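Hydrogens, waters and symmetry mates play no part in the numbers below; they use all other heavy atoms, side chains included. Everything numeric in this text was worked out from a predicted model, so none of it was measured. Remember, it's 1-based here, ligands and their atoms both numbered in the order they're listed.
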Amino acid sequence: MNDKRENKHNIVLIGFMGTGKSTVGKKLAARLRCAYLDTDAEVERVTGLTIPQIFDRFGEVRFRSEESLVAQKVAAMERTIVSTGGGIVLNRANLEALGSTGILIRLNARPEVIWSRVARRTHRPLIKKDITPEDIEHMMAVREPYYGCADLDVDTSERTVPEIVEYILDFLNRREGEDWRPLPEETEEGKVNDENADDRKPADSTDDSDSRTG
Ligand SMILES: Nc1ncnc2c1ncn2[C@@H]1O[C@H](COP(=O)(O)OP(=O)(O)O)[C@@H](O)[C@H]1O
Ligand SMILES: O=C(O)C1=C[C@@H](OP(=O)(O)O)[C@@H](O)[C@H](O)C1
Ligand SMILES: [Mg+2]
């Protein structure tokens with residue numbers, strides 16, 4: 001381990017609710033043929049409860065506690081794309097664990113764009129039914145300092161999901177000492193159809209069924 005970047009074997013998407021972390025993470029993992037984990041989905045899997053049920057029955061504190069356990073588990077994973085919940089960064093230990101082994105990529109968007117993406121959805125307990133873009137703006141301002149540590153910032157307001165994926169891949173490919181080129185598709189004959197195939201090792205395939213698009 002001569003280069004500390006060799007330790008950055010995961011990609012961790014952070015950012016406010018509705019910036020597209022779950023949607024983009026899943027696509028990025030499929031593109032790179034990496035394992036994928038959404039911390040919210042993992043909390044739901046471990047507890048057997050939905051996030052609204054956890055908030056309703058036990059409160060936000062219990063959710064944060066489950067989320068922290070998942071953050072520590074994620075940090076020990078290898079070549080995994082991780083979509084986090086927007087509040088995971090509020091806990092310093094979470095951020096340190098995730099950042100110790102993962103490249104932190106922060107997704108962002110303008111408040112009114114976030115509002116249009118989340119206001120009518122019911123599975124985020126912190127997004128109340130009558131929330132306004134101004135409320136979102138205020139919540140984002142409170143959270144802003146916690147998102148400042150990312151290795152890359154991506155404004156998703158005017159970008160499509162495929163454009164964001166390409167933007168992230170371009171950033172990853174520029175990092176020295178790491179190989180984040182997409183693994184090749186296999187042809188019908190089961191042969192690899194890619195000129196870079198020989199210098200890459202295969203990674204885990206993605207199981208979309210265990211992921212969550214918030
Ligand atoms: N770049 C984008 N452009 C338009 N809509 C998007 C984009 N990214 C995500 N969305 C939509 O916004 C909503 C929230 O996305 P999601 O991935 O759940 O965000 P997060 O996980 O950050 O809360 C979903 O309905 C998703 O389809
Ligand atoms: O920002 C937050 O505190 C939260 C974000 C949610 O995830 P998304 O960011 O994927 O919506 C989810 O973890 C929970 O509702 C709390
Ligand atoms: Mg999400």
Side-chain angles (χ1 to χ4, degrees), residues 11-31 36-47 49-71 73-74 81-92 94-95 98 104-129 131 133 135-147 150 152-169 206 208 210-214:
I11 296 168
V12 181
L13 302 182
I14 61 172
F16 198 78
M17 292 174 272
T19 51
K21 303 178 298 295
S22 298
T23 310
V24 169
K26 200 191 303 182
K27 296 281 183 213
L28 187 62
R31 185 68 193 277
Y36 174 68
L37 186 138
D38 188 309
T39 60
D40 287 338
E42 185 63 7
V43 166
E44 291 183 334
R45 191 187 68 77
V46 166
T47 60
L49 298 168
T50 66
I51 289 170
Q53 284 172 337
I54 299 171
F55 271 70
D56 282 352
R57 296 185 195 176
F58 308 109
E60 182 174 350
V61 171
R62 170 70 185 277
F63 171 72
R64 295 300 171 200
S65 155
E66 298 291 346
E67 185 177 53
S68 291
L69 293 175
V70 172
K73 193 161 64 178
V74 159
I81 312 299
V82 183
S83 300
T84 61
I88 208 164
V89 299
L90 301 176
N91 178 315
R92 191 178 182 83
N94 291 350
L95 200 50
L98 293 169
L104 298 176
I105 297 182
R106 186 255 179 111
L107 303 189
N108 199 3
R110 295 194 307 277
E112 70 274 17
V113 174
I114 302 260
W115 180 85
S116 72
R117 291 181 189 168
V118 302
R120 280 180 296 277
R121 310 291 291 274
T122 57
H123 62 271
R124 293 183 181 87
L126 302 181
I127 302 293
K128 304 300 176 201
K129 209 169 58 189
I131 197 162
D135 295 331
I136 301 262
E137 188 170 8
H138 178 71
M139 290 171 76
M140 290 177 79
V142 173
R143 295 265 180 103
E144 183 58 31
Y146 297 92
Y147 297 126
L152 174 72
D153 271 55
V154 188
D155 188 337
T156 70
S157 305
E158 310 295 339
R159 288 185 166 103
T160 65
V161 171
E163 284 170 350
I164 296 160
V165 169
E166 288 308 316
Y167 190 90
I168 293 172
L169 288 173
T206 304
D208 275 356
D210 191 33
S211 57
R212 172 183 177 279
T213 45

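- Looking at M17, R159, K21, it is K21 that brings a heavy atom closest to atom 22 (O) of ligand 1.
- For atom 5 (C) of ligand 2, the choice among G86, G20, A41 with the nearest heavy atom turns out to be G86.
- Heavy atoms of R64 found under 4.0 angstrom from ligand 2 belong exclusively to the side chain.
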Please evaluate residues T156 and R110 with respect to the criterion side chain to side chain donor-acceptor pair (under 3.5 Å), reporting the C-alpha separation (whole Å), side-chain torsions for both, the decisive distance (0.1 Å), and the verdict. CA-CA 8 Å; T156 70; R110 295 194 307 277; over 6 Å; no
Would E144 and R106 count as a salt bridge (Lys or Arg N to Asp or Glu O under 4.0 Å) if you check the C-alpha gap in whole Å, the side-chain angles of each, and the deciding distance to 0.1 Å? CA-CA 11 Å; E144 183 58 31; R106 186 255 179 111; 2.9 Å; yes
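- Under the 4.0 angstrom criterion for non-hydrogen atoms, E60 is not in contact with ligand 2.
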Check against side-chain contact (heavy atoms from CB on, under 4.5 Å), I127 and R121: CA-CA 8 Å; I127 302 293; R121 310 291 291 274; over 6 Å; no
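- Listed by number with element, the atoms of ligand 1 under 4.0 Å from a non-hydrogen atom of T23 are 9 (C), 15 (O), 16 (P), 17 (O), 26 (C).
- Ligand 1 places these atoms under 4.0 Å from at least one heavy atom of G20: 8 (N), 9 (C), 15 (O), 16 (P), 17 (O), 19 (O), 20 (P), 22 (O).
- Checked by distance only, ligand 1 and G18 come closer than 3.5 Å through their nitrogen or oxygen atoms.
- For S83, the closest heavy-atom approach to ligand 1 does not fall below 4.0 Å.
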Verdict with supporting geometry, T50 and H123, side-chain contact (heavy atoms from CB on, under 4.5 Å): CA-CA 8 Å; T50 66; H123 62 271; over 6 Å; no
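- The backbone N or O of I131 lies less than 3.5 Å from a partner atom in the side chain of W115, making a donor-acceptor pair.
- Taking every heavy atom of G85 and a limit of under 4.0 angstrom, the matching atoms of ligand 2 come to 7 (O), 9 (O), 13 (O).
- Looking at R120, R117, R124, R121, it is R117 that brings a heavy atom closest to atom 7 (C) of ligand 1.
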Give the C-alpha distance, both sets of side-chain angles, the deciding distance and a yes or no for side-chain contact (heavy atoms from CB on, under 4.5 Å) between I11 and I105. CA-CA 7 Å; I11 296 168; I105 297 182; 3.8 Å; yes
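- For the pair F16 and ligand 2, the shortest N or O to N or O distance does not fall below 3.5 Å.
- Residue contacts with ligand 2 for K21 involve side-chain atoms from C-beta outward but no N, CA, C or O (heavy atoms, distance under 4.0 Å).
- Look at M17 and the Mg ion (ligand 3): no N/O/S atom of the residue is under 2.8 Å from the metal.
- When each atom of ligand 2 is checked for a heavy atom of D40 under 4.0 Å away, the hits are 6 (C), 7 (O), 8 (P), 10 (O), 12 (C), 13 (O).
- Put simply, the side chain of K21 gets close to the backbone of F16: a donor and an acceptor are under 3.5 Å apart.
- Shown here are the salt bridge (Lys or Arg N to Asp or Glu O under 4.0 Å) partners of E137, two or more places apart in sequence or in another chain: there are none.
- With a heavy-atom cut-off of 4.0 Å, I164 touches ligand 1 through its side chain alone.
- Only the side chain of L126 comes within contact range of ligand 2, with a heavy atom under 4.0 Å; no backbone atom does.
- Of all atoms in ligand 2, listed by their number and element, those nearer than 4.0 Å to a heavy atom of P125 are 15 (O).
- Considering only residues two or more places apart in sequence or on other chains, R62 meets the salt bridge (Lys or Arg N to Asp or Glu O under 4.0 Å) condition with E66.
- Heavy atoms from other residues, nucleotides or ligands lying under 6.0 Å from OH of Y147 number more than 12.
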side-chain contact (heavy atoms from CB on, under 4.5 Å) assessment of V154 paired with N108: CA-CA 6 Å; V154 188; N108 199 3; over 6 Å; no
